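A short worksheet on the structure shown next.
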Amino acid sequence: MLQAQAAPAQAPQPPRQQPQGQPPVPPQAQPQQQPAANWHGGQAGYVSPIPVNNTHFGHALASEWTKIRSVRSTIWTLGVMVLLIVGIGLLTATAMSGHAVNPKPAFGYFSVMLGTLCIIPLGVLVISSEYGTGMIRTTMTACPSRARVLGAKVIVFFLLAFVITTLATTLVTLAMSGMVDGREPTTDEFLRATVGAGLYVSMLGLLALAVGSLLRHSAGAISALFGVVLLPMLLAVFMLGSESLKSLSQALINYSVPNSLATLYGIPFLPDGPQDWTPLWILTGVTIAALAAAFVVQEQRDV
C-alpha cells in the first residue's frame with residue numbers, strides 16, 4: 001500500500017538580529033475590525049455629524065419666500081405694477097381735480113386694470129420658471145411632498161400680491177377722495193375700492209399660478225390668461241351690432257374681468273350684471289377650481 005509521505009517539517013528560523021544602535025521594532029498591532037454600520041436595524045451604528053431635523057410646512061414657506069424675493073423678475077414686475085397703479089391713479093386724480101365724480105374713488109379703476117397686466121405674468125412665472133430651468137427637480141428632491149410645495153407657493157404669492165396691491169389701491173383711493181369733487185364713498189364702497197380690488201387682483205394672480213402649474217410653460221400660460229382677460233370684451237364689442245348675438249355679447253361684458261373690476265369701483269358697464277362684491281366671489285370660485293385641478297395634476301405627473 002502507498003502511504004502519503006509526510007511533509008518535511010520546516011526548521012525554525014532564528015530570530016533576526018537587530019542592528020546595533022537601533023531600537024527594537026515593536027510587533028505590528030493587530031488591525032481592529034470596525035463594527036459595520038447598521039442602516040436598517042435601528043441599533044447603534046454610524047451617526048452623521050450633520051444635524052437632521054424633521055421638516056414641516058414652515059420650512060416650505062421660508063423656502064418659497066426666499067425664492068420669490070431673491071428673483072429679479074419679481075422685484076421688477078411688482079415695481080412696475082405699483083408704478084402703474086399709483087402713478088396713473090395720481091395722474092387721473094390730478095386731471096379730474098375740481099370735477100364731480102360719483103363715487104369719488106371710481107376713476108381709480110383705470111390704474112388697477114393696468115396693474116392686472118403685471119400680476120398675471122408674475123403668477124405664471126412663480127411656478128413655470130422652475131420647470132423651464134429644471135430647478136423644480138431640486139425643489140422636489142428637497143421637499144418630496146408636491147402638495148406642500150404648491151401650497152407654500154400659493155400662500156406666499158397671495159399674501160405678497162394682496163399686501164402690495166391693497167396698499168397701492170388705498171393710496172390711490174385716498175388721493176381720489178381728497179382731490180376730486182363729488183359724493184363721499186360709503187364704507188362699503190371704500191372697502192370695495194381698496195380691499196376688494198386687492199383681493200380681486202390677488203385672486204387673478206392665483207388663477208395665473210394655477211394655469212402655470214397645469215401647463216408648465218410660461219409663454220403658453222401667459223397667453224392663455226391674457227386671452228381670458230381681454231378676449232371676452234373684444235368679442236362682445238364685435239357682437240354688439242348683431243341683434244341675434246346681443247344677449248351673448250351682454251353676458252360676455254357682464255362677466256369679463258374689466259367689467260368686474262369696474263363693478264367693484266361702482267361703475268359697471270351694464271346695469272343688469274353682477275353687483276357689489278359678486279364679481280369677487282365668482283373669480284374666487286373659478287380660482288379655487290383651477291387650484292384644485294393643479295393640486296391633483298401635480299400629484300399625478302412627473303417633474
Side-chain angles (χ1 to χ4, degrees), residues 77 80-93 95-96 101-124 161-162 164-166 168-169 172-173 176 185 189 191-211 221-242 245-287 290:
T77 306
V80 172
M81 185 185 72
V82 172
L83 182 62
L84 288 174
I85 294 177
V86 177
I88 295 180
L90 294 179
L91 289 175
T92 305
M96 297 302 298
V101 179
N102 293 314
K104 284 185 176 183
F107 282 6
Y109 154 77
F110 298 105
S111 61
V112 177
M113 185 62 210
L114 291 176
T116 60
L117 302 180
C118 298
I119 202 69
I120 289 174
L122 180 59
V124 171
F162 173 70
I164 292 179
T165 307
T166 303
T169 54
V172 173
T173 301
M176 287 281 183
E189 290 173 341
L191 289 177
R192 281 191 280 117
T194 55
V195 178
L199 285 173
Y200 193 91
V201 174
S202 303
M203 283 295 172
L204 197 59
L206 282 186
L207 180 61
L209 190 151
V211 174
I222 293 173
S223 301
L225 263 297
F226 277 149
V228 171
V229 172
L230 302 176
L231 190 58
M233 184 62 68
L234 294 176
L235 291 176
V237 171
F238 287 104
M239 293 179 183
L240 287 176
S242 174
L245 298 176
K246 186 175 181 180
S247 59
L248 177 59
S249 65
Q250 290 179 349
L252 290 175
I253 293 174
N254 285 331
Y255 294 97
S256 64
V257 171
N259 182 69
S260 298
L261 271 175
T263 302
L264 290 176
Y265 278 88
I267 51 172
F269 298 162
L270 298 175
D272 57 345
Q275 301 295 323
D276 299 332
W277 295 86
T278 306
L280 176 60
W281 309 140
I282 294 174
L283 179 62
T284 302
V286 174
T287 303

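Not measured: the values here are computed from a predicted model.
- Counting only heavy atoms from C-beta outward, the side chains of V228 and V211 never approach each other to under 4.5 Å.
- The shortest heavy-atom contact between S249 and A236 is O-CB, 3.5 Å.
- Taking CG of L245 as the start and CD of Q250 as the end, the distance is 11.5 Å to the nearest 0.5 Å.
- Counting heavy atoms from C-beta outward, L283 and S260 have side chains that stay 4.5 Å or more apart.
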For V195 and F162, what are the C-alpha separation, side-chain angles and deciding distance, and is it a side chain to side chain contact (heavy atoms under 4.5 Å, CB included)?
CA-CA 8 Å; V195 178; F162 173 70; 4.2 Å; yes

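- Here L207 contributes atom CG and T284 contributes atom OG1; the two are 10.5 Å apart, rounded to the nearest 0.5 Å.
- Residues forming a side-chain contact (heavy atoms from CB on, under 4.5 Å) with T92 (at least two apart in sequence, or on another chain): I88, M96, F107, M176.
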Please walk me through it: do M113 and V229 pass side chain to side chain contact (heavy atoms under 4.5 Å, CB included)?
CA-CA 10 Å; M113 185 62 210; V229 172; 3.9 Å; yes

Show me the donor-acceptor pairs within less than 3.5 Å that the side chains of residues 262-272 make with the rest of the protein, sequence neighbours left out.
{"from": "T263", "atom 1": "OG1", "to": "N259", "atom 2": "O", "distance (Å)": "2.8"}
{"from": "Y265", "atom 1": "OH", "to": "A193", "atom 2": "O", "distance (Å)": "3.2"}

Quick one, V112 with V172, criterion side chain to side chain contact (heavy atoms under 4.5 Å, CB included). Give me CA distance, side-chain angles, the key distance, then yes/no.
CA-CA 10 Å; V112 177; V172 173; over 6 Å; no

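- Applying the salt bridge (Lys or Arg N to Asp or Glu O under 4.0 Å) rule to pairs touching residues 104-114 yields K104-E184, sequence neighbours excluded.
- T165 OG1 to Y200 OH: the interatomic distance, rounded to the nearest 0.5 Å, is 13.5 Å.
- Scanning both residues, I282 and P274, for their nearest heavy atoms gives CD1-CG, 4.2 Å.
- Atom CG of L280 sits about 9.5 Å away from atom OG of S202, to the nearest 0.5 Å.
- Separation of atoms CG (L83) and OG (S111) is listed at 11.0 Å; rounding is to 0.5 Å.
- At distances below 3.5 Å, at least one donor-acceptor pair connects side-chain atoms of T169 with backbone N or O atoms of T166.
- Put simply, the side chain of M203 does not reach to within 4.5 Å of the side chain of I119, judged on heavy atoms.
- No more than 12 heavy-atom neighbours from other residues, nucleotides or ligands sit within 6.0 angstrom of OH on Y255.
- Side-chain contact between L252 and M233: absent, with no pair of heavy atoms (C-beta onward) separated by less than 4.5 Å.
- A pairwise comparison of heavy atoms in C118 and L84 identifies SG-CD1, 3.8 Å as the closest pair.
- How far CG of L204 is from CG of L209: 12.0 Å, rounded to the nearest 0.5 Å.
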